[in-house]
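To start, the structure under review is shown below, and the notes come after it.
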Amino acid sequence: MDIRKYDKGLFIENAVDFEPEHIFECGQCFRWNRFENGYIGIAAGRVAYVYKKDDNVYIEGGKEEDIEFWRKYFDLDRDYGKIKERLKEDEVLNEAVEHGYGIRILKQEPFETLISFIISANNRIPMIKKAVDNISKRFGKKIIFKDMEFYSFPSLEELKEASVDELEKCGTGFRAVYIYEAVNRILKENISLDEIMTLDTDAAQERLLEFKGVGPKVADCVLLFSMQKYDAFPVDVWVKRIMQKFYLAPDVSLKRIREFGRQRFGDLAGFAQQYLFYYARENRV
DNA sequence: TCCCAGGACTACT
DNA sequence: AGTAGTCCTGGG
């Protein structure tokens, strides 16, 4: 799929397997919101209004020098048609893919993803969005687009200024101390998320679990949504419900569900998880 | 007013 | 190895 320039930004001509609603509502990101005919949001300090019209996806506000950024962010070089073909051999996935046929897994920034998913623990999506937004307003950089204010998610350097109290005031609750400790441990122990990204899925998960406030589910989300570990299988309540309903007994532990998912879907476990999550959530399974 | 949703921690076994 | 109780916040 090719990205080209037009007068208001960038567009993807004949975008296949790409539905903004599926992409932005499948639980992987917190900074995109419904706007007019699509979604408006910010990724890595770049604001855009993304919508689909006919077969084209428009990235209004996208700059010519960011063509490669958006190509990578939206994972445009991957053939989701082929992935869906393979997953549809599974009866449940066949149904789930019908619902979320336009899902793509975004390539988000590891630091933002780590902090955002620490906030996601025992929390609901609107609350998570609010907290991430407050942190960005307080510690990120302001960007004006369409006469509206947007704020980039703060860098490690920007967030090191945050006290536990300030983080709490952003609406993070008991997770404030986890965020504070994560930021300061990364700085003090000179931890490189990019280096963790080079490890295999199990080794990288182990490293992420060393952060307080990061359990198996949060670690798997970071691995899948920012480190291209597509064999990760994050198990949240929705995935738990749908797995227990269609594949396993109702009392199977989260750990076993994770093991089952990874074994059954292999290198496509992460994609399967996204289709299942979206299906379960949309249908209130 | 209470109850519920939503993962990880701690302190146990 | 697995599990009960607790953490915070907004909405019904």
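Keep in mind that the numbers below use all heavy atoms, side chains included, and drop hydrogens, waters and symmetry copies. Every chain is numbered from 1, with letters handed out A, B, ... down the list of sequences.
In this structure, A:Trp238 does not reach the B:dA5 phosphate: none of its side-chain N or O atoms is under 4.0 Å from OP1 or OP2. Contact between the side-chain N/O atoms of A:Lys255 and the OP1/OP2 oxygens of C:dG2 is found at a separation under 4.0 Å. Between A:Arg241 and B:dG6 there is a side-chain polar atom (N or O) within less than 4.0 angstrom of OP1 or OP2.
Of the candidates B:dG6, B:dA8, C:dG2, C:dG2 carries the atom nearest the A:Arg256 side chain, counting heavy atoms from C-beta on.
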Under 3.5 Å, sequence neighbours excluded: what are the donor-acceptor pairs made by side chains of residues 140-148 of chain A?
from     : atom 1 : to       : atom 2 : distance (Å)
A:Lys141 : NZ     : A:Glu158 : OE2    : 2.6
A:Lys142 : NZ     : A:Glu149 : OE2    : 3.4
A:Lys146 : NZ     : A:Glu60  : OE2    : 2.7

Table please: side-chain donor-acceptor pairs of residues 180-191 of chain A below 3.5 Å, with sequence neighbours left out.
from     : atom 1 : to       : atom 2 : distance (Å)
A:Asn184 : ND2    : A:Tyr180 : O      : 2.7
A:Arg185 : NH1    : A:Glu189 : OE1    : 3.0

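Annotation: ring pair (Phe, Tyr, Trp, His ring centres under 6.0 Å) contacts involving residues 59-92 of chain A, sequence neighbours excluded, comprise A:Phe18-A:Phe74, A:Phe69-A:Tyr73, A:Trp70-A:Tyr73, A:Trp70-A:Phe74, A:Tyr80-A:Phe271. For residues 35-47 of chain A, the set of pairs meeting the salt bridge (Lys or Arg N to Asp or Glu O under 4.0 Å) definition, not counting sequence neighbours, comprises A:Arg46-A:Asp66.
Take A:Asp90 and apply the side-chain contact (heavy atoms from CB on, under 4.5 Å) test, not counting sequence neighbours, and it matches A:Val92, A:Leu93, A:Tyr247, A:Arg264, A:Phe265. In this structure, the side-chain contact (heavy atoms from CB on, under 4.5 Å) partners of A:Ala162, at least two apart in sequence or on a different chain, are A:Phe139, A:Leu159, A:Leu167. Here A:Asp79 pairs with A:Lys82 under the side-chain contact (heavy atoms from CB on, under 4.5 Å) rule; sequence neighbours left out. Under the rule for a salt bridge (Lys or Arg N to Asp or Glu O under 4.0 Å), A:Asp236 has no partner lying at least two apart in sequence or in another chain.
Note: CD1 (A:Ile179) to P (C:dC7) measures 19 Å, nearest angstrom. In this entry the distance linking CZ of A:Phe277 with C1' of B:dG7 reads 13 Å, nearest Å. For the pair A:Lys240 NZ and B:dG7 P, the interatomic distance rounds to 10 Å; values are reported in whole Å. A:Lys129 has its NZ atom 16 Å from the P atom of B:dG6, to the nearest Å.
A:Tyr51 has its ring centre less than 6.0 Å from the ring centre of A:Tyr49.
Taken over five-pair windows at either terminus, the axes of the helix from B:dC2-C:dG12 to B:dT13-C:dA1 are inclined to one another by 40° (rounded to 10 degrees).
Within 6.0 Å of CZ in A:Arg78 there are more than 12 heavy atoms belonging to other residues, nucleotides or ligands.
The hydrophobic cluster containing A:Tyr151, built from Ile/Leu/Val/Met/Phe/Trp/Tyr side-chain heavy atoms closer than 4.5 Å, comprises no other residue.
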Could you pull out the protein-nucleic contacts involving nucleotides 9-11 of chain B (nitrogen or oxygen on both sides, under 3.5 Å)?
from  : atom 1 : to       : atom 2 : distance (Å)
B:dC9 : OP1    : A:Gly213 : N      : 2.9

Please write out each protein N/O paired with an N/O of nucleotides 8-12 of chain C under 3.5 Å, distance rounded to 0.1 Å.
from   : atom 1 : to       : atom 2 : distance (Å)
C:dG10 : N2     : A:Arg124 : NH2    : 3.0

